[in-house]
There are 2 protein chains.
Amino acid sequence: MIIPINTLVLLKRLSKTIKKLVNKKRTTIKDIANVLNISPAAVSKAMHGDSRISAKTIEAVKDVAKKLNYQPNHLASALRKGKSNLVGVIVPKTNSNFFSSVIQNIEEILNKEGYNIIITQSNESFKKECNNIDALLFTQVDGIIASMANETVDLDYYEKIKSYGIPLILFDRGENNLNVDYIGIDDYQSSHLIIEHLVSQGCKRIAHIGGFKHTRIYNNRIRGYVDAIKKHKLPLDDELLFESSLTIEDGREKMSQLLALKNRPDAVYVAGDYAALGALQVLKENNINIPKDIALVGFGNEPFTAMVSPTISSINQHSGEIGRQAALTFLERVKMPTVKQTLNKIILNAELIVRDSSNIN
Amino acid sequence: MIIPINTLVLLKRLSKTIKKLVNKKRTTIKDIANVLNISPAAVSKAMHGDSRISAKTIEAVKDVAKKLNYQPNHLASALRKGKSNLVGVIVPKTNSNFFSSVIQNIEEILNKEGYNIIITQSNESFKKECNNIDALLFTQVDGIIASMANETVDLDYYEKIKSYGIPLILFDRGENNLNVDYIGIDDYQSSHLIIEHLVSQGCKRIAHIGGFKHTRIYNNRIRGYVDAIKKHKLPLDDELLFESSLTIEDGREKMSQLLALKNRPDAVYVAGDYAALGALQVLKENNINIPKDIALVGFGNEPFTAMVSPTISSINQHSGEIGRQAALTFLERVKMPTVKQTLNKIILNAELIVRDSSNIN
DNA sequence: ATTGTTTGCTTAAACGATTAAGCAATTTGC
DNA sequence: GCAAATTGCTTAATCGTTTAAGCAAACAAT
């Protein structure tokens, strides 16, 4: 028998509960249940619009919830459901336009699906990266989307993520051996784009300041450079190819070495924009005409490439799309948790933005 | 009576539990308890090194925990303890050197104390900021450290944080009316630093491209500019003072307006580096000699100020120290949760980095 | 009239860790 | 030698939510 509750009684119970709350804690579904004289279970179901709860009750629950300023305790539901609705994101640095933009797009997609993201930065340090992974796993994230630090060669910590049975998605800086989803651009093809462009500008002796070979993306860029040079039957000289940490300083260093050569290059393709900036500084300090004496192309399309003078040609990696694909891939994986992860690459096309540093007319 | 367990029995139970785990879930303290034939409570206490648990048991527990690859369920302990050990951080953008560096330092300090941080970006959008706050509160963070979006004037959402009874700490972009802790630099004094410097370089007609007055920091910079100009008895002309969104584009726009004046300034102080960059571009396009014809000073010491040519003088905000102080303030607040929050400002001194754009010799 | 189905809830057991309270057994103090 | 203190655990409740199972009451079908 349902006892009809008149408004007066309801109001009384409401004010009583409110009083309790003032000197106690936050509202729980139990409080709402007490006010309406129903069970907490019914409240929980009403909140989720369960079809077995009457429209009247649902409305009443929502009404009281609002009045009591009810905020669901995420920890409790996460514990019960075995799902935190949190996704960890690990990037080398947030203060790069590329990563910041990737993150923004991941966030946009995942927020819509009820996920929140936890961003951590490794600062290119392997140790920090391990700490980040531990912290994320400790927080019970439902998955991890990561781009590896330059230093990282030991994959044990990433295997640890896999052993937890949660999806791991890599982007930009990935690793084939991990056998997980990967989203990135076609680095090999990007190198071809750059060499084609430089050749079309009349360059005949093209140097490459590359990243470390052990990182896959840089290895691909180097392979692309080598093959494209071969394709055009240009000189492929050891003294024209460097491995670099791709910092501004190292860009300066390697450019200085190139300038010291007897037979200087007439174009330099740098695998990172920061190093390209360092190279640009050295060229300017030495009064080299850019691009007529030496043309310059960077990689990453960092905003400053359009700010410096001359502006630097660079590869746009479509960070937005990478972020979106990473998020979508995670969502797919989460929907089918039983399927074992396999190496699954999504390779996007990159785009060369030609600016003054390589525009010879 | 304690039944002595021989190694064989223990090993048997261990392998049995391991088998269970293979097709089930993660190790819990209950599993460990079963292996050692003690209660889960004892396991929990052993993990925390409770003095009432014998050294033998503690060692045994840790040993089994390692063997079973036990990882504590953070959600469960957080729920029970009413503490998530998560701190939310809200910034307008992560891809600025200032914010990225602040975040890094917050993280460093808080990680040491067992906290993890959740970074969210508002993209200078008020709506996004509100969403971020909701998301963080939903995740049951133990506190929020934030820098407000340019757009934000309505403080209801920040009041909401306060009503949760968790610490709220603001940095850089704050608001007096909220009555919470604030960490920032002395913007008023920074303007004085800049004007003193420009005066010492011989400048006599100094313009200011400022931020929006409704944002406190920009208001302080404007006030500092006005007072310093008055102090040196320089012309304080309406046409020399602008409010701006401080983007590159707006910097260009405002600089063009200054150049259109009959009586041009001989120095421009821009309240943000990006806008200063825009101003620089316009000056160069008009073949104005920097700094001889017009000197330029920015604000924020973004890395590109040292990259462009001429390099731009700017104010270093000591982002690291701001981050550290914000984190430490949070830790203090968390330790004394009963004390009501009050307006408590920590104002750090800023430093002017003089570069080519204002170095007249 | 009898059985079956649907509706609208309740009950109670989880999720995994923590902790107040309690209870033997052992040690210490005098 | 006996009370008091200490040691080393156990028991059971708790955090707030979800959910499987169940149970009346109402309605529908035959």
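Chain letters run A, B, ... following the sequence lines, proteins first, then strands; residues in each count from 1. Everything numeric in this text was worked out from a predicted model, so none of it was measured.
Closest to the side chain of Ile29(B), out of dA12(C), dA12(D), dA17(C), is dA17(C). Side-chain atoms of Pro72(A) lie closest to dT17(D) of the nucleotides dT17(D), dT11(D), dT19(D). For Thr28(B), counting side-chain heavy atoms from C-beta on, the closest listed nucleotide (dG16(C), dT10(C), dT18(C)) is dG16(C). Taking every side-chain heavy atom of Ser39(B) into account, dT10(D) is the closest of dG16(D), dT10(C), dT10(D).
Residue Arg52(B) contributes atom CZ, which lies 14 Å from atom P of dA5(D) at whole-angstrom precision. Rounded to an integer number of Å, the gap from NE2 of His48(B) to P of dC9(D) is 17 Å. dT17(D) atom C1' lies 14 Å from atom CZ of Arg26(A), rounded to whole Å. The separation between Ile53(B) atom CD1 and dT19(C) atom C1' is 12 Å, rounded to whole Å. Rounding to whole angstrom units, CG of residue Leu68(B) and P of dG16(C) are separated by 15 Å. Between the NZ atom of Lys45(A) and the P atom of dT17(D) there is a distance of 15 Å, given to the nearest Å. Atom P of nucleotide dT10(D) and atom CG of Asn37(B) are separated by 9 Å, given to the nearest angstrom. One can place CD1 of Ile32(B) at 17 Å from C1' of dC9(D), the figure rounded to the nearest angstrom.
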Next on the checklist: For Thr329(B) and Ile346(B): C-alpha separation, side-chain torsions, deciding distance, then whether side-chain contact (heavy atoms from CB on, under 4.5 Å) applies.
Outcome noted: CA-CA 9 Å; Thr329(B) 306; Ile346(B) 300 178; 3.6 Å; yes

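A donor-acceptor contact closer than 3.5 angstrom is absent between the side chains of Gln140(A) and Tyr164(A).
At distances below 3.5 Å, at least one donor-acceptor pair connects side-chain atoms of Thr139(B) with backbone N or O atoms of Ala135(B). In this structure a side-chain-to-backbone donor-acceptor pair under 3.5 Å is missing from Asn116(A) to Val87(A). Judged by distance alone, the side chain of Asp142(A) and the main-chain N or O of Lys83(A) form no donor-acceptor pair under 3.5 Å. No side-chain donor-acceptor contact under 3.5 Å links Ser100(A) to the backbone of Lys93(B). No side-chain donor-acceptor contact under 3.5 Å links Ser147(A) to the backbone of Ile90(A).
Side-chain contact between Ile118(A) and Leu136(A) is present, with heavy atoms from C-beta onward closer than 4.5 Å. Looking at Tyr70(B) and Ile29(B), their side chains come closer than 4.5 Å, going by heavy atoms from C-beta outward.
Applying a 4.0 Å cut-off to non-hydrogen atoms, the residues of residues 73-86 of chain B that approach DNA chain D are Leu79(B), Arg80(B), listed by residue number. Sorted by residue number, the list of members of residues 131-141 of chain A with any non-hydrogen atom under 4.0 Å from DNA chain C is empty.
Contact between the side-chain N/O atoms of Thr57(A) and the OP1/OP2 oxygens of dG8(C) is not found at any separation under 4.0 Å.
Here Ser54(B) lies in heavy-atom contact (under 4.0 Å) with sugar-phosphate atoms only.
Position along DNA chain D of the nearest nucleotide to Pro40(B) versus Ala41(A) favours Pro40(B) as the more 5'-ward residue.
Between Tyr157(B) and Phe126(B), the angle of the ring planes goes over 60°, which puts this pair in the perpendicular group of the 30/60° scheme.
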